[in-house]
Participant: 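Below is one structure. I have some questions about it.
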Amino acid sequence: TVVYNVLIGCLGKHGRVDQALELLEDMNRKGIMPDCRTYNIIIDVLSSCGRYEQAYSFFGMMKRRNHTPDVVTYNTLLNGLKRLRRIEEAYDLFEEMLANQCIPDLTTFGTLTDALAKAGRMEDAVEISARLVKMGHSPNSYIYNALISGFCRSGQVDKGYELFQEMIECSCYPDTVTYTILVLGFSRRGHTNMAMEMLQEMVREGHTPSLSTYNVLIRSLSMAGQVEDAYTLFKEMIAKGFNPD
RNA sequence: ACCUUUAUAUUGCC
């Protein structure tokens, strides 16, 4: 079963979805029982390539075959719904998960928070992340980053920046993604100077800017007409061993 | 510790 799981996941990641499904058939023919992880992998592969309905049918199949969906199963489906922006169904599935005594984890809340934030429903996003605190969890960087990113997208960089400060106070330390989100947020508002400051702070705190960070900044500097600064950054990224894309 | 599955940033795909 483990070998099949690995292969199915690997084929799926490389877009060879139908071969992955064939392997599942093959397991059935040989009497090898797919386990919960097998189903989770299949569900993820299908919903990642836009075949959510088919993914959902495997959710039904696993229940019929007496495999109890676990937290990963629900999280994977929630992520599929998130991609399709089917928020209400995501809420319903979340309720179903609770009704089935499946305990949501940080990934569950991270997925839901991001779904709401991407839909521009920042109040709901904040509300769902508050629910996680009530359950005794502390928000991690995925949660904060999803919220900060949402605020930046909706033009409220200041609120994003407040959350950034809050996360430091709560000892949930910002990571490369957090800084990149804020660099992008400030750039979009034309605050190139703040964006550059975030880059410096990120380096000061010991984080290595990623390719995305550079892409964001170089684009922003170019558009602001600061071609010299953009070029300096370009040389810096080459010096650090990045291959510009 | 890592060692089969899920969530956050730029571009693209849906």
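Computed from a predicted model, the values in this text were never measured in an experiment. Quick note on labels: first sequence line is chain A, next is B, and so on, each numbered from 1.
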Participant: Atom CG of A/L81 and atom C1' of B/C14: how far apart are they, to the nearest Å?
Facilitator: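 Going from A/L81 (CG) to B/C14 (C1'), I get 15 Å.
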
Participant: Going 5' to 3' along nucleotides 1-9 of chain B, which nucleotides have protein heavy atoms under 4.0 Å from the base (write B), which only from the sugar-phosphate (write S), and which from neither (write -)?
Facilitator: ---BBBBBB

Participant: Between B/U11 atom P and A/M223 atom CE, what is the distance in whole Å?
Facilitator: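 Whole-Å distance recorded here is 10 Å.
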
Participant: When the P atoms of B/A7 and B/C3 are considered, how many whole Å apart are they?
Facilitator: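 The same atom, P, in both gives a distance of 15 Å.
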
Participant: Transitive ILVMFWY cluster of A/M33 at side-chain heavy atoms under 4.5 Å: who else is in it?
Facilitator: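 So far as hydrophobic clustering goes, A/M33 is joined with none.
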
Participant: Between the side chains of A/T76 and A/N40, does any donor sit under 3.5 Å from an acceptor?
Facilitator: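 Their side chains do not contain a donor-acceptor pair, so the 3.5 Å distance test is not met.
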
Participant: Hey, which of A/F109, A/F59, A/F94 is the one that makes ring pair (Phe, Tyr, Trp, His ring centres under 6.0 Å) with A/Y74?
Facilitator: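 Option passing the ring pair (Phe, Tyr, Trp, His ring centres under 6.0 Å) with A/Y74: A/F59.
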
Participant: Measure from the ring center of A/F164 to the ring center of A/Y179 and say whether it is less than 6.0 Å.
Facilitator: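 A/F164 vs A/Y179: aromatic centres under 6.0 Å.
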
Participant: Taking atom C1' in both B/U10 and B/U6, compute the distance separating them and give it to the nearest angstrom.
Facilitator: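 That atom pair is separated by 23 Å.
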
Participant: Would A/Y142 and A/L81 show up in the same hydrophobic cluster when neighbours are defined by side-chain heavy atoms closer than 4.5 Å?
Facilitator: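 No.
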
Participant: Applying ring pair (Phe, Tyr, Trp, His ring centres under 6.0 Å) as the test, list every pair that has at least one member in residues 225-245 of chain A; sequence neighbours left out.
Facilitator: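 Those involving residues 225-245 of chain A are A/Y214-A/F242.
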
